[in-house]
J.: 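Got a structure here, written out as structure tokens. Questions coming.
Per chain, numbering begins at 1; letters A, B, ... match sequence-line order.
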Amino acid sequence: MAERFETRRYEAQQIEQKWQHRWEASGIDAASDDAQDKRPPYYCLVMFPYPSGNLHMGHVRNYCLGDAVARYKRMQGFNVLHPIGWDAFGLPAENAAIKHGRPPAEWTYHNIDQMRVQLKRLGVSYDWKREIATCHPDYYRWEQWLFTRLMQKGLAYQQNAEVNWCDPCHTVLANEQVVDGVCWRCDTPVVRKNLKQWFIRITQYADELLADLDGLSGWPEKVVGMQRNWIGKSTGAEVSFGLEDSDDTLDIFTTRPDTLMGVTYMAVAAGHPLAQKAANDQAAEGNPELAAFLKECSRMSTKEADVETMEKKGMALGIHAVHPVSGEKVPVYAANFVLMGYGTGAVMSVPAHDERDHAFALKYGIPIRQVIRPLQVEWDIDSAAFTEAGVLINSAQFDGQASADAKATITAWLAENGKGRERVQFRLRDWLVSRQRYWGAPIPVIHCADCGAVPVPDEQLPVELPTDLQPTGGASPLTECAAFRHVDCPECGKPAERELDTFDTFMESSWYMNRYTSPRNTDAMVDADAMQRWAPVDQYIGGVEHAVLHLLYARFYHKLMRDAGLFTSEQGGDEPFRNLLTQGMVLKDGSKMSKSKGNTVDPNAIIDRFGADTARLFTLFAAPPEKDLEWNDAGVEGANRFLMRFWRLLDRIDDIQVGDADDTAAVQGLRRSIHQTIQRVTHAFEQGFAFNVAIAALMELTNALYVFETKGGAGLAALKEGAEAVVKMLAPLVPHFACECGERLGFADVAVMAAWPAVDAAALASDEVTLVVQVQGKKRGEITLPKDADQDVALALAQSDASIGKWLDGMQIVKVVLVPGRLLNIVVRPA
RNA sequence: GCCGGGAUGGUGGAACUGGUAGACACAAGAGACUUAAAAUCUCUCGGAGAGUGAUCUCCGUGCGGGUUCGACUCCCGCUCCCGGCACCA
């Protein structure tokens with residue numbers, strides 16, 4: 001007895017290692033590029049990690065979800081691409097380098113080795129032959145290659161710009177990297193600086209990026225909405241106002257050209273040339289009061305940007321604009337609520353129909369002229385602005401038109417008279433891609449005194465980053481590296497200098513999903529045939545924190561690669577990710593796990609104690625994928641308890657001796673449960689990967705198998721059938737455990753490569769059905785009857801049932817509703 | 001302010017297309033086994049009330065209405081929470 005216990009004990013560590021070695025040896029996790037492979041391709045991708053050196057629970061959750069998807073699809077007969085790699089450039093490596101006095105490359109590669117070991121312990125079915133690290137020249141050379149193409153097309157350009165500068169990070173930031181006025185990495189307030197920087201013209205793709213969002217039906221609406229918001233398209237008109245005593249014009253953008261005749265003043269940003277000019281040279285000696293006001297405004301826009309309750313303030317510039325239709329002169333103000341960075345930095349103000357303008361007009365005694373009449377309601381224009389659509393009044397030749405029509409006719413009139421045009425304005429700005437950092441991909445440009453900024457020719461790519469430099473905390477060590485810095489101009493051959501900035505690391509993560517399709521390709525960035533086979537990604541899984549940054553850039557890059565001729569729309573699609581699953585965070589005690597809070601749970605410790613499968617099962621069971629997951633040690637033990645309970649079920653089956661015939665009805669009932677479970681689990685997998693629901697169903701079936709009594713006849717076979725089905729359905733979730741169970745049960749194939757179980761329709765069929773009986777919509781009992789019984793039979797049976805019948809006594813039946821196989825509702829009233 | 005999403009037992013969460021609310025699990029409690037503990041197994045577990053008892057009745061999915069034979073689910077009006085965006089003209 002004791003001996004048997006020992007042999008059957010589940011030794012997680014040893015068993016998991018055993019299967020990991022077998023999987024690796026048999027190559028079952030590799031994606032096949034063989035054209036003869038008739039399995040349909042499926043591309044499952046998780047967001048690749050930054051190699052910080054330690055796997056955390058967020059990673060574990062991400063990779064368990066991805067692995068469950070990948071393994072499920074494999075069992076369904078797909079040829080699955082499930083790759084992994086490293087987002088290996090970035091600031092933490094430089095910080096670590098300063099701290100330890102070793103170059104970032106060393107730290108990075110060491111971390112990668114460490115994390116690879118941790119990942120392998122989890123037993124995730126990656127195709128390791130496709131592993132990539134973005135800091136490797138074989139990877140970033142293609143990014144450099146594409147960039148030079150973008151330069152040639154004018155899609156990459158260098159410009160002096162007021163940029164967001166983060167002092168501690170010693171670099172500029174993209175708009176997307178500034179969160180609430182502070183740096184997304186170090187939370188330091190961002191300062192404005194004027195620098196010459198490289199940009200990529202994402203605005204040129206704004207329309208396509210917006211339009212293609214409509215096709216992303218496999219994305220969470222939330223993410224689509226965030227992107228739509230970020231792109232921020234608004235349609236309206238650009239209008240040129242004249243300036244009194246001047247040939248210049250004051251150009252503005254408005255979404256409400258229908259309110260044009262209601263303009264009673266103009267407002268410009270503090271940084272607008274008109275405001276600056278008025279402050280400096282008005283009446284030769286300038287206007288100190290105005291200058292002070294403008295200074296105040298510029299301070300506000302930076303340091304106190306987060307001050308919410310900013311009062312609307314303005315100051316007249318002492319100049320007047322000329323209305324393009326009426327010729328009326330209206331005063332021009334500088335106003336603190338007009339932003340230089342949006343539109344033209346100037347607005348036409350219509351106090352009657354805009355809330356801000358209304359407040360401003362009241363404060364400074366500017367007339368309010370109503371030009372839109374509400375259709376439904378009474379409106380007192382002096383007490384509040386009317387901002388909806390209506391019918392035009394006080395608008396000369398445009399009177400009587402509806403707002404929508406007037407927008408068109410007024411815009412057309414302006415265009416005919418050379419005073420305006422239709423215009424579309426985006427919130428999205430061009431992508432600032434240069435960073436004053438060392439540990440990044442060098443921007444492939446050579447600056448020549450004569451030839452200007454010259455793209456590095458293809459034959460000189462990659463521009464390799466020297467990996468032996470030691471950052472000190474100040475400027476990038478590249479600025480000190482003469483060997484890197486000095487180079488001959490590729491065009492004229494004269495001594496020139498390399499660009500010393502490196503790329504934003506979002507550049508690397510924007511195209512890695514495509515590189516995985518042909519990761520060792522030395523001829524091109526991607527292989528068109530491989531793209532045709534795999535792209536776009538069928539299922540992408542990662543954190544919602546990348547909803548705007550990474551996912552927007554990746555969509556953009558995909559289109560850039562397509563337009564660079566690397567693949568066609570037919571081959572690689574217009575979008576990189578067909579379906580997106582945004583997983584929730586892993587919480588402990590209600591808040592995000594972090595070192596500073598001291599509430600982290602080390603995945604390694606969990607694996608040491610229970611094995612990887614328990615960790616996997618818990619993370620998949622405790623919450624639906626898209627919701628936050630509260631870590632719960634007791635819950636982890638519960639997950640382990642279930643696995644061990646199932647393991648003991650196999651002992652129990654082993655101990656049953658083949659014997660007498662079993663009760664046929666009971667066997668049928670068990671087989672029905674088994675096949676209902678297959679149906680439920682498959683459905684749960686298909687409906688948004690509801691693994692938590694799938695696991696619950698498997699637990700339920702396990703409970704049913706446990707209590708099932710058999711004499712060793714047909715019931716034993718059914719019991720085995722049930723156990724086998726559970727093992728197969730557990731395989732994507734707890735692969736080591738399933739393989740070990742499969743071996744015990746004598747599976748022909750390793751469990752993770754077994755075919756996904758099919759529903760036996762015959763097993764589901766039943767001669768009898770149980771109906772819930774309601775009276776007045778309230779459950780009053782149940783009846784069991786032949787499945788083809790009609791309503792009259794059901795009703796008669798219900799009436800004869802004591803607990804139901806008592807609700808019908810003295811009542812007159814007015815209506816009977818029968819939902820076949822489910823429910824009978826009897827509607828009565830007092831007789 | 002605008003745009004999304006959400007609110008179900010002590011807890012995490014189930015509930016197909018409008019058809020038995022609370023599956024499954026955690027926690028808690030009781031019992032069995034054990035010298036004891038752990039492990040395991042069995043049972044109870046939304047609230048209130050009635051009954052010696054098996055049971056029975058009423059209420060119950062954030063709040064208020066509505067549609068329907070029937071509503072966690074659909075419609076109208078709110079409250080609160082979470083995420084995103086924001087003087088965007």
Side-chain angles (χ1 to χ4, degrees), chain A residues 179-180 220-230 232-234 236-237 252-256 259 267 269 300-301 305 308-312 335-339 341-350 354-357 359-360 425-427 544-545 547-548 582 584 587 617-618 621-624 626-639 641-642 644-645 648 679-680 683-684 687 690 692-703 706-707 770-782 803 806 814-828:
Chain A
V179 181
D180 295 332
E221 273 181 48
K222 177 183 171 174
V223 176
V224 171
M226 282 165 75
Q227 293 220 353
R228 187 169 283 128
N229 216 332
W230 191 266
K233 181 178 183 172
S234 51
I252 60 94
F253 171 72
T254 180
T255 54
R256 292 296 302 272
T259 65
M300 290 218 172
S301 67
E308 280 180 36
T309 53
M310 201 166 82
E311 199 190 345
K312 303 205 178 359
N336 63 353
F337 62 85
V338 181
L339 307 175
Y342 187 78
T344 59
V347 297
M348 68 179 208
S349 295
V350 187
D354 180 281
E355 280 166 23
R356 273 170 323 194
D357 297 347
F360 194 89
Q425 179 68 37
F426 289 96
R427 203 191 86 102
V544 73
E545 64 272 21
V548 178
T582 49
L587 309 178
L617 189 68
F618 173 74
F621 178 61
E626 64 281 359
K627 284 189 74 170
D628 287 348
L629 183 155
E630 174 70 32
W631 190 264
N632 176 351
D633 291 329
V636 178
E637 285 179 39
R641 200 176 301 146
F642 166 69
M644 293 309 106
R645 184 170 148 84
R648 284 193 304 275
Q679 207 168 35
R680 282 169 69 192
H683 185 255
Q687 294 296 307
N692 56 326
V693 182
I695 293 166
L698 292 171
M699 286 174 166
E700 218 172 324
L701 180 58
T702 300
N703 291 341
Y706 240 89
V707 298
T770 299
L771 291 186
V772 167
V773 181
Q774 295 181 336
V775 179
Q776 311 290 63
K778 282 188 175 165
K779 185 188 171 185
R780 296 303 181 189
E782 288 179 1
S803 59
K806 71 179 177 184
V814 290
K815 187 172 180 178
V816 177
V817 180
L818 176 71
V819 182
R822 283 200 162 269
L823 164 144
L824 181 74
N825 188 16
I826 305 164
V827 186
V828 296

J.: If you compare all heavy atoms of A/Arg256 against all heavy atoms of A/Met348, which two are closest, and at what distance to 0.1 Å?
T.: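 Shortest heavy-atom contact: O-CE, 3.6 Å.
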J.: Please give the distance between the P atoms of B/A27 and B/U42 as a whole number of Å.
T.: 16 Å
J.: When all nucleic acid strands are considered with a 4.0 Å heavy-atom cut-off, which category describes A/Lys233: base, sugar-phosphate, or nothing?
T.: nothing
J.: Just to be sure I understand the rule, does A/Gly225 reach a base, reach only the sugar-phosphate, or reach nothing, if contact means heavy atoms closer than 4.0 Å?
T.: nothing
J.: Nearest to the side chain of A/Arg645 - B/C88, B/G4, B/C41?
T.: B/C41
J.: Tell me, with the steps shown, if A/Ile695 and A/Phe618 meet side-chain contact (heavy atoms from CB on, under 4.5 Å).
T.: CA-CA 10 Å; A/Ile695 293 166; A/Phe618 173 74; over 6 Å; no
J.: What integer distance in Å separates A/Phe642:CZ from B/A25:C1'?
T.: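 Rounding to the nearest Å, CZ of A/Phe642 and C1' of B/A25 are 11 Å apart.
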J.: So what does A/Val827 touch, heavy atoms closer than 4.0 Å: a base, only the sugar-phosphate, or nothing?
T.: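 Contact class for A/Val827: sugar-phosphate only.
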J.: Verify the ring-centre separation between A/Phe621 and A/Phe642: is it less than 6.0 angstrom?
T.: no
J.: Taking only the P atom of each, what is the distance from B/G62 to B/U8 in whole angstrom?
T.: 7 Å
J.: Specify the separation, in whole Å, of atom CD of A/Gln774 and atom P of B/G18.
T.: 16 Å
J.: Look at all strands and tell whether A/Asp357 reaches a base, only sugar-phosphate, or nothing, counting heavy atoms closer than 4.0 Å.
T.: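 Nothing: the residue A/Asp357, judged by heavy atoms under 4.0 Å, touches no strand.
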J.: In whole Å, I'd like the distance from the CG atom of A/Leu587 to the C1' atom of B/U11.
T.: 14 Å
J.: Could you tell me how far apart A/Asn703 (CG) and B/C24 (P) are, to the nearest whole angstrom?
T.: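 Nearest whole value for this atom pair: 7 Å.
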J.: Ignoring the backbone of A/Asn632, work out which of B/C26, B/C41, B/A25 is nearest its side chain.
T.: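 In terms of side-chain proximity for A/Asn632, the closest of B/C26, B/C41, B/A25 is B/C26.
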J.: When rounded to the nearest 0.5 angstrom, what is the spacing between CG in A/Asn632 and CD in A/Glu637?
T.: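 The CD atom of A/Glu637 is 9.0 Å from CG of A/Asn632, to the nearest 0.5 Å.
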J.: Taking everything shown except A/Glu626 itself, do over 12 heavy atoms lie less than 6.0 Å from its CD?
T.: yes
J.: What does the 5'-to-3' dot-bracket notation of RNA chain B look like when only Watson-Crick and G-U wobble pairs under 3.5 Å count, and pairs to other strands show as |?
T.: (((((((..(((......[....))).(((((.......))))).(((((....)))))..(((((..]....))))))))))))....
J.: Determine the minimum heavy-atom distance between A/Ala269 and A/Leu339, stating which atoms define it.
T.: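 Heavy atoms only, the tightest pair is CB-C, 3.9 Å.
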J.: Provide, to the nearest angstrom, the distance between the CE atom belonging to A/Met348 and the P atom belonging to B/A89.
T.: 12 Å
J.: Ignoring the backbone of A/Val817, work out which of B/C87, B/C26, B/G19 is nearest its side chain.
T.: B/G19
J.: Can you figure out which of B/G19, B/C41, B/C69 approaches the side chain of A/Leu823 most closely?
T.: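 Among the listed nucleotides, the one closest to the side chain of A/Leu823 is B/G19.
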J.: If only side-chain N and O atoms of A/Lys815 are considered, is one of them under 4.0 Å from the OP1 or OP2 phosphate oxygen of B/C69?
T.: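 For B/C69, OP1 or OP2 has a side-chain N or O of A/Lys815 closer than 4.0 Å.
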J.: Measure distances between side-chain N and O atoms of A/Asn825 and base N and O atoms of B/C69, and say whether any donor-acceptor pair falls under 3.5 Å.
T.: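 Checked by distance alone, the answer is yes.
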J.: Whole Å only: how far is the CZ atom of A/Arg822 from the P atom of B/C16?
T.: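 Atom-to-atom, A/Arg822 to B/C16, this comes out as 9 Å.
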J.: Within the structure provided, determine whether A/Gln776 and A/Val827 are in side-chain contact (heavy-atom separation under 4.5 Å).
T.: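 Yes, at least one pair of side-chain atoms sits under 4.5 Å.
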J.: Could you tell me how far apart A/Lys222 (NZ) and B/C85 (C1') are, to the nearest whole angstrom?
T.: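 Checked: the NZ to C1' distance equals 13 Å.
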J.: Any side-chain heavy atom of A/Leu818 within less than 4.5 Å of one from A/Leu771?
T.: yes
J.: When you get a sec, tell me which of B/A23, B/C58, B/A89 is the closest nucleotide to the side chain of A/Leu339?
T.: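 The answer is B/A89.
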J.: From the list B/U20, B/C69, B/C87, which nucleotide is the closest neighbour of the side chain of A/Val772?
T.: B/U20
J.: Dump the pairs, protein N or O against N or O of nucleotides 12-15 of chain B, anything under 3.5 Å, distances to one decimal.
T.:
from, atom 1, to, atom 2, distance (Å)
B/G12, O2', A/Ala622, O, 2.5
B/G13, O3', A/Asn692, ND2, 3.4
B/A14, OP1, A/Asn692, ND2, 3.2

J.: Say you pick atom P in B/A23 and the same atom in B/C80; how far apart are they, in whole Å?
T.: 32 Å
J.: Judged by each residue's nearest nucleotide on RNA chain B, which is more toward the 5′ side, A/Lys778 or A/Val707?
T.: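 Looking at the nearest nucleotide for each, A/Val707 comes out on the 5' side.
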J.: The side chain of A/Ala634 lies closest to which of these nucleotides: B/A25, B/C26, B/C69?
T.: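 Given the options B/A25, B/C26, B/C69, the side chain of A/Ala634 is closest to B/C26.
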J.: Closest approach to the side chain of A/Val338, judged atom by atom: which nucleotide of B/C26, B/C24, B/A89 is it?
T.: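 Nearest listed nucleotide: B/A89.
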J.: Might you point out which heavy atoms bring A/Tyr342 and A/Phe426 nearest each other, and give the distance in Å?
T.: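 Of all heavy-atom pairs spanning A/Tyr342 and A/Phe426, the closest is CE1-O, 3.9 Å.
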J.: Look at the side chain of A/Tyr342 and decide which nucleotide, out of B/G84, B/U40, B/C88, has an atom nearest to it.
T.: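 The answer is B/C88, which lies nearest to the side chain.
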J.: I'd like the P distance from B/A21 over to B/U57, given in whole Å.
T.: 13 Å
J.: In whole angstrom, give me the gap between the P atoms of B/C24 and B/C43.
T.: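 It comes out at 11 Å once rounded to the nearest Å.
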J.: Distance check needed: B/G70 C1' versus A/Leu771 CG, whole Å only.
T.: 15 Å
J.: So which atom in A/Val338 and which in A/Gly345 form the shortest heavy-atom distance, rounded to 0.1 Å?
T.: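 What the structure gives for the nearest pair is CG1-O, 3.5 Å.
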J.: Quick one: label A/Gln425 by what it contacts on the DNA or RNA (base, sugar-phosphate, nothing), any heavy atom closer than 4.0 Å.
T.: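 It contacts nothing in the nucleic acid.
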J.: Are A/Asn703 and A/Arg645 close enough that a side-chain donor and a side-chain acceptor fall under 3.5 Å?
T.: yes
J.: A side-chain contact here means heavy atoms from C-beta on lying under 4.5 Å apart; do A/Lys222 and A/Val544 qualify?
T.: yes
J.: Quick check for you: among B/C26, B/U57, B/G84, whose closest atom lies nearest to any side-chain atom of A/Asn229?
T.: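 Nearest nucleotide to the side chain: B/G84.
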J.: Less than 4.5 Å apart, side chain to side chain, heavy atoms only: is that true for A/Gln679 and A/His683?
T.: no
J.: Using O4'-C1'-N9-C4 for purines and O4'-C1'-N1-C2 for pyrimidines, with syn meaning within 90° of 0, is B/G13 syn or anti?
T.: anti
J.: Between B/C41 and A/Arg648, is there an OP1 or OP2 to side-chain N/O distance shorter than 4.0 Å?
T.: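 Yes.
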J.: With rounding to the closest Å, how many angstrom separate the C1' atoms on B/U79 and B/A28?
T.: 33 Å
J.: Say we look at B/A89 and B/G12: how far apart would their C1' atoms be, to the nearest angstrom?
T.: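 Approximately 47 Å lies between the C1' atom of B/A89 and that of B/G12.
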J.: According to a strict under-4.0 Å criterion, is A/Arg427 in side-chain N/O contact with OP1 or OP2 of B/A86?
T.: yes
J.: Could you work out the separation of B/C75 and B/A71 based on their P atoms and round it to a whole Å?
T.: 16 Å
J.: Can you check whether any acceptor in the base of B/C85 is under 3.5 Å from a donor in the side chain of A/Arg228, or vice versa?
T.: no
